[in-house]
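Naming: A, B, ... by sequence-line order, numbering from 1 per chain.
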Amino acid sequence: MVPSASPVLDLTETHEAVLSWYDAHARDLPWRRPRTSAWAVLVSEVMLQQTPVSRVEPAWRAWLARWPTPADLAAAPTAEVLRAWDRLGYPRRALRLRECAAVIRDRHGGRVPQSEEELRELPGIGTYTAAAVAAFAYGRRAVVLDTNVRRVLGRALAGQALPPPALGRDERDRAAAYLPADAARSVRWNVGVMELGALVCTARAPRCEACPLRGSCAWLRAGRPADPHAATRRRQAWHGTDRQARGRIMAVLRARDGWHAEADLLRAGAGGADPAALTDPTQPARALASLVSDGLAVVRYDQQHAGGEHERGTSGVQGAGECNHDGAAPTYRLP
DNA sequence: AAGCCGGGGGA
DNA sequence: TCCCCAGGCTT
């Protein structure tokens, strides 16, 4: 039932090449060490979603030292979780990780579930992370397809410079066809291919001369043809985006405890300039409102002429300055 | 399927 | 400067 998945390379030879290369060249990453808890592995995988290893390593150590178990993290104040997340990026991941910890505590007896299906149900755990935790924390056989594995298999097996933008069924079937049948071996294969993608078969300047698959790689044999989707592959903009504005506002909120004046945050969101001078003057307010909507900030409406003492109410839902608390000045802080 | 969600460091 | 990084969620 998997017609397109018949191996093009010799399975045993390919496995052996990658496994022995991994044995000789693997990095000594802390979450790969024996006796690393399943929770610690899960935390590493969430942090590694779109954040490079070099930046995750110190953050992971500090995080696990502070919150060694799901119950520890689930009990932590949101503001402290967001501060500990610091600049890893995509702070919504930190919120989901804490939700994930609470679900594990409340519905799984405090233990990280073992099956991909159960893992997939947890907040912030998608197809990749569920497979990675099942494989790396529990030694299970799982198809682990991250950006590294996709690139290595795409090159070696399909002769593609880079994997297509969307992960298709054919690609998944092909990866499954190459997964070693033995569970322990499949785990080493998964981490080995991933490591190969990170260290040798890199996106930018692959070092094919150092690759254990150089003798059989379809892409290398074809003369390393260019990426056919290069034109359609558009990188996300950064400068001048709402994401940049959100990031700047979050940095200010993390830097100091307590309530922040709206004007200060809007100015921060504008990069220190007058928000009115921006191409899109509404951007800082939109960014701030979206942070509140995402649960990354909370707003409170103070009476302007009551010495800031009288609290008119707080909300995790209202947008920046968009409701009718007349005479009330909105202030914000971390949740 | 497409868009959105951070931030930094290496090339 | 540009580009990529152990993705996930929403629409």
Side-chain angles (χ1 to χ4, degrees), chain A residues 26-27 29-32 40-60 82 85-97 99-100 119-137 142-153 161-169 175 187 190-199 201-207 227 229-230 232-254 269 271 283 286-287 289-291 293-296:
Chain A
R27 289 169 295 180
L29 300 178
W31 45 85
R32 287 180 182 164
V41 171
L42 188 153
V43 171
S44 79
E45 292 299 343
V46 171
M47 288 184 170
L48 287 162
Q49 290 166 2
Q50 300 289 280
T51 303
V53 167
S54 59
R55 287 169 56 205
V56 165
E57 211 172 319
W60 180 85
L82 290 172
W85 193 259
D86 197 36
R87 297 183 160 190
L88 288 180
Y90 297 122
R92 296 189 298 183
R93 285 185 293 163
L95 298 183
R96 294 197 197 106
L97 184 56
E99 293 169 25
C100 175
L119 286 162
R120 184 66 185 74
E121 296 299 315
L122 299 171
I125 309 299
T127 307
Y128 162 75
T129 306
V133 171
F136 304 143
V143 177
V144 177
L145 264 182
D146 76 322
T147 185
N148 288 307
V149 176
R150 292 188 65 204
R151 185 175 57 250
V152 172
L153 298 185
L162 292 173
L167 202 169
R169 232 278 283 278
V187 172
N190 280 325
V191 70
V193 175
M194 198 177 297
E195 191 77 337
L196 190 58
L199 299 181
C201 192
T202 56
R204 198 83 68 89
R207 303 189 299 117
D227 171 28
H229 317 85
T232 34
R233 222 182 277 280
R234 248 199 314 268
R235 182 180 137 273
Q236 286 183 331
W238 168 242
H239 289 284
T241 61
D242 285 17
R243 288 161 63 216
Q244 185 182 33
R246 284 167 56 105
R248 288 166 163 164
I249 293 169
M250 284 298 293
V252 171
L253 291 173
R254 281 193 308 262
Q283 185 182 63
R286 185 173 62 247
S290 73
L291 290 174
S293 169
D294 285 348
L296 290 164

**Message:** Show me the dot-bracket string of DNA chain B, counting Watson-Crick or G-U pairs under 3.5 Å, with | for pairs to another strand and [ ] for crossing ones.
**Reply:** |||||.|||||

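- At the heavy-atom level, Ala203(A) lies under 4.0 Å from the strands shown only through sugar-phosphate atoms.
- For dC5(C) and dG6(B), the C1' atoms lie 12 Å apart once the distance is rounded to whole Å.
- At distances below 3.5 Å, at least one donor-acceptor pair connects side-chain atoms of Gln244(A) with backbone N or O atoms of Gly240(A).
- Using a 4.0 Å heavy-atom distance criterion, Gly89(A) is classed as a base contact.
- With hydrogens and angles disregarded, no donor-acceptor distance shorter than 3.5 Å links the side chain of Arg27(A) to the backbone of Leu199(A).
- You can see that DNA chain B meets the heavy atoms of chain A within a 4.0 Å-exclusive cut from dC4(B) to dG10(B), reading 5' to 3'.
- The P atoms of dG8(C) and dG8(B) are separated by 23 Å, rounded to the nearest whole Å.
- Arg233(A) comes within 4.0 angstrom of no nucleic acid atom, judged by non-hydrogen atoms across all strands.
- In this structure, CG in Asn148(A) is found 9.0 Å from CG in Leu196(A), a value given to the nearest 0.5 Å.
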**Asked** Which is it for Glu45(A) and Tyr128(A) under the side chain to side chain donor-acceptor pair (under 3.5 Å) test, yes or no, and what are the steps along the way?
**Response** CA-CA 9 Å; Glu45(A) 292 299 343; Tyr128(A) 162 75; 2.8 Å; yes

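- Within a 6.0 Å sphere centred on CZ of Arg254(A), heavy atoms belonging to other residues, nucleotides or ligands number more than 12.
- Annotation: the span from Glu57(A) atom CD to Thr51(A) atom OG1 amounts to 14.0 Å, rounded to 0.5 Å.
- Panel note: side chain Arg120(A), backbone Ala131(A); no donor-acceptor pair is recorded below 3.5 Å.
- Counting non-hydrogen atoms under 4.0 angstrom, Thr129(A) reaches the backbone sugars and phosphates but no base.
- Annotation: of the two residues near DNA chain B, Ala205(A) and Ser290(A), the 5′-most nearest-nucleotide partner is Ser290(A).
- Of the possible polar contacts, one joining the Arg93(A) side chain to the Met47(A) backbone as a donor-acceptor pair under 3.5 Å is found.
- Sequence order on DNA chain C of the closest nucleotides to Pro123(A) and Arg27(A) puts Arg27(A) first from the 5' end.
- Here Trp85(A) lies out of heavy-atom contact (under 4.0 Å) with every strand.
- Here Thr202(A) lies out of heavy-atom contact (under 4.0 Å) with every strand.
- If you check every strand for non-hydrogen atoms under 4.0 Å, Arg243(A) touches a base.
- Across all strands, Gln244(A) comes closer than 4.0 Å to no nucleic acid atom at all (heavy-atom distances).
- The residue Leu29(A) sits close to a base: some heavy atom pair falls under 4.0 Å.
- Remark: side-chain polar atoms of Arg96(A) are not paired, donor with acceptor, to backbone N or O of Leu122(A) under 3.5 angstrom.
- Closest-nucleotide positions on DNA chain B for Arg254(A) and Leu167(A) were compared, and the one nearer the 5' end corresponds to Leu167(A).
- For the pair Gly124(A) and Thr51(A), both in contact range of DNA chain C, the more 5′-proximal nearest nucleotide belongs to Thr51(A).
- The backbone N or O of Gly197(A) lies less than 3.5 Å from a partner atom in the side chain of Arg151(A), making a donor-acceptor pair.
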**Request:** Start with the C-alpha gap between Ser290(A) and Arg246(A), add the side-chain angles, then the distance that decides, and say whether side chain to side chain donor-acceptor pair (under 3.5 Å) holds.
**Result:** CA-CA 8 Å; Ser290(A) 73; Arg246(A) 284 167 56 105; 2.8 Å; yes

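- Nucleotides of DNA chain C lying under 4.0 Å from heavy atoms of chain A occupy a range whose first and last members, 5' to 3', are dC3(C) to dC9(C).
- Each of Leu145(A), Asp146(A), Val152(A), Val144(A) was scored for a side chain to side chain contact (heavy atoms under 4.5 Å, CB included) with Val193(A), with one residue passing: Val152(A).
- At the heavy-atom level, Pro165(A) lies nowhere under 4.0 Å from the strands shown.
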